[in-house]
Participant: 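Before we start, here is the structure in question, set down as structure tokens.
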Amino acid sequence: MPELPEVESIRMYLSANIVGKTLQGVEILEKKMFFGDPKKITGKKIIAILRSGKVLTIQFENKLYLSTHLKLSGQILYSPDKNKPIFKNTIPRANTNKMPGKTTRIILNFDDDSVIYFNDLRKFGWMKLSDKPAHAKGTDVLSKDFTFKYFEKAIAKTARPIKVVIMDQERMAGIGNIYANDALWLAKIHPARKCNTLTLQEKKILYRSILDTIKEGLKYKGSSAHDELYLLPDSSKGSYQNHFKAYHQHGTPCKRCKTIMKRMELGGRGTFFCPHCQK
DNA sequence: AATGCGTCCTGTCTGC
DNA sequence: TGCAGACAGGACGCAT
């Protein structure tokens, strides 16, 4: 599922490949996933690609912003030639390396014949055209405003489980299920711990662990596990799935203490932890 | 205000 | 083997 490292990896790819291009037209194949009038950006040049939390935004020269959220199963694919949209890898669930595919919902065509396919198996994702970029309420965890002070305040005064709180996009933006599980493992904190029971020392370690985990995800260009749909725009995979610490590790030995990892449910989501070294 | 649950959607997995 | 039902999961809307 695309979280901060995945969306940032896509952002960097698009930044190098579509900035400066002019949008020639938008094909909306799934009406409910597009908000706004695409005519307003037709013929307009792209000047930047932005990101806030898990939201990716294409900035146009006329101060309009096309924001997109990939939710659970969104993919952004880029081909330099719409007449030969063949990718080097098979696209998961589309079961072909040729686009558009059966999960393609929106297509952005550029004036040099290059093209973006927005695929989404589950149709949870969206694109919104607006005069300002869409963004999460919480501070992006890679922003310089995401200080320890901010973090401490964001998790204070609640008895909810720490894992649920660090995934709350209104408090801090960018952390999803994969990186929440791994950051808590790294910090040796049990995911169900009530926020208001964390010591100052634990909060400091967790803050550091969140940043380290997100940066590690970024280093490997995100996670494309077997059952996931995330790809870079050229159809290549991320490799953070080869470095999971806790996510989906239930039944395997803890990488620190060899205790068998467990799975539980928190806030309706799969949660993975070491019952021995996460307190 | 804060919390928790149902909803959206579809491929895959499980159990009979 | 076939089929129905459960399940996964980010964020939003609504009820409490």
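Below, chain A is the first sequence line, B the second, and so on; all start at residue 1.
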Participant: Would you indicate what A:Gly270 reaches in the nucleic acid, counting non-hydrogen atoms under 4.0 angstrom: base, sugar-phosphate, or nothing?
Facilitator: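 Counting heavy atoms under 4.0 Å across all strands, the contact made by A:Gly270 is with sugar-phosphate only.
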Participant: Report the distance from atom CG of A:Leu266 to atom C1' of C:dG9, rounded to the nearest whole Å.
Facilitator: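 To the nearest whole Å, that distance equals 14 Å.
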Participant: Before accepting this row, confirm whether a basic side-chain N of the pair A:Lys137/A:Glu170 lies closer than 4.0 Å to the acidic partner's carboxylate O.
Facilitator: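 Yes, charged N to carboxylate O under 4.0 Å.
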Participant: Would you kindly give the NE2-to-C1' distance between A:His248 and C:dC7, to the nearest whole Å?
Facilitator: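 Rounding to the nearest Å, NE2 of A:His248 and C1' of C:dC7 are 11 Å apart.
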Participant: Between A:Tyr207 and A:Phe146, does the ring-ring contact (aromatic ring centres under 6.0 Å, His included) criterion hold? Intermediate values first, please.
Facilitator: CA-CA 10 Å; A:Tyr207 172 74; A:Phe146 185 68; 5.5 Å; yes
Participant: Tell me the interatomic distance from A:Glu30, atom CD, to B:dC9, atom C1', rounded to whole angstroms.
Facilitator: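 It works out to 10 Å between those atoms.
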Participant: For A:Lys188, does the NZ atom have more than 12 heavy-atom neighbours from other residues, nucleotides or ligands under 6.0 Å away?
Facilitator: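 Not more than 12 within 6.0 Å, no.
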Participant: How would you summarise protein contacts on nucleotides 10-16 of chain C per nucleotide, using B for base, S for sugar-phosphate only and - for none, with heavy-atom distances below 4.0 Å?
Facilitator: BB-----
Participant: State plainly whether the residues A:Lys149 and A:Glu152 are in salt-bridge range, i.e. N to O under 4.0 Å.
Facilitator: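 No, this pair does not count.
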Participant: Figure out the CD/C1' separation between A:Gln75 and B:dC9, and round it to whole Å.
Facilitator: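 After rounding, the reported distance stands at 15 Å.
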Participant: Which label fits A:Tyr240 and A:Tyr220: parallel for a plane angle under 30°, tilted from 30 to 60°, or perpendicular past 60°?
Facilitator: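 The arrangement is tilted - the two ring planes meet at 30° to 60°.
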Participant: Go through C:dA8, B:dG11, B:dT3 for me and flag the one nearest to the A:Arg263 side chain.
Facilitator: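 Given the options C:dA8, B:dG11, B:dT3, the side chain of A:Arg263 is closest to C:dA8.
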Participant: One thing to verify: whether A:Lys82 and A:Glu27 come together as a salt bridge, which I'm taking to mean a side-chain N less than 4.0 angstrom from a carboxylate O.
Facilitator: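 Looking at A:Glu27 and A:Lys82, the cut-off is not met.
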Participant: I'd like to know if the side chain of A:Thr139 pairs up with that of A:Asp145 as donor and acceptor (distance under 3.5 Å, no hydrogens or angles considered).
Facilitator: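 Distance-only check fails for A:Thr139 and A:Asp145.
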Participant: Any luck finding a side-chain donor-acceptor pair between A:Asn62 and A:Lys40 under 3.5 Å?
Facilitator: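 No, no side-chain donor-acceptor contact under 3.5 Å.
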Participant: A:Lys102 near the nucleic acid: base, sugar-phosphate alone, or nothing, with a heavy-atom cut-off under 4.0 Å?
Facilitator: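 No contact.
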Participant: Between B:dC5 atom P and A:Asp168 atom CG, what is the distance in whole Å?
Facilitator: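 Going from A:Asp168 (CG) to B:dC5 (P), I get 16 Å.
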Participant: Can you tell me how far CG of A:Leu4 sits from OG1 of A:Thr213, rounded to the nearest 0.5 angstrom?
Facilitator: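 So the gap between those two atoms works out to 12.0 Å.
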Participant: Quick one: label A:Thr158 by what it contacts on the DNA or RNA (base, sugar-phosphate, nothing), any heavy atom closer than 4.0 Å.
Facilitator: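 Counting heavy atoms under 4.0 Å across all strands, the contact made by A:Thr158 is with sugar-phosphate only.
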Participant: What is the distance, rounded to the nearest whole Å, between atom CE of A:Met264 and atom C1' of C:dG9?
Facilitator: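 To the nearest whole Å, that distance equals 17 Å.
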Participant: Base, sugar-phosphate, or nothing: which does A:Tyr179 touch, judged by heavy atoms less than 4.0 Å apart?
Facilitator: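 Touches nothing.
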Participant: Without swapping roles, check the side chain of A:Glu30 against the backbone of A:Asp120 for a donor-acceptor pair under 3.5 Å.
Facilitator: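 Not a single qualifying donor-acceptor pair exists.
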Participant: Determine: side-chain N/O of A:Lys32 to OP1/OP2 of B:dC9, distance under 4.0 Å, yes or no.
Facilitator: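 Answer yes for this pair, as a side-chain N or O of A:Lys32 is under 4.0 Å from OP1 or OP2.
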Participant: Between the two end axes of the helix from B:dA2-C:dT16 to B:dC16-C:dG2, each built from 5 base pairs, what angle do you get to the nearest 10°?
Facilitator: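 Both end axes considered, the difference amounts to 60°.
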Participant: Quickly work out the A:Arg105 CZ to B:dC8 P distance and round it to whole Å.
Facilitator: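 Going from A:Arg105 (CZ) to B:dC8 (P), I get 16 Å.
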Participant: Within the structure, does a side-chain N or O atom of A:Tyr247 lie under 4.0 Å from either OP1 or OP2 of C:dG9?
Facilitator: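 Result: yes.
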Participant: How long is the line joining CZ of A:Arg160 and P of B:dA2, in whole Å?
Facilitator: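 Computing the A:Arg160:CZ to B:dA2:P distance gives 10 Å.
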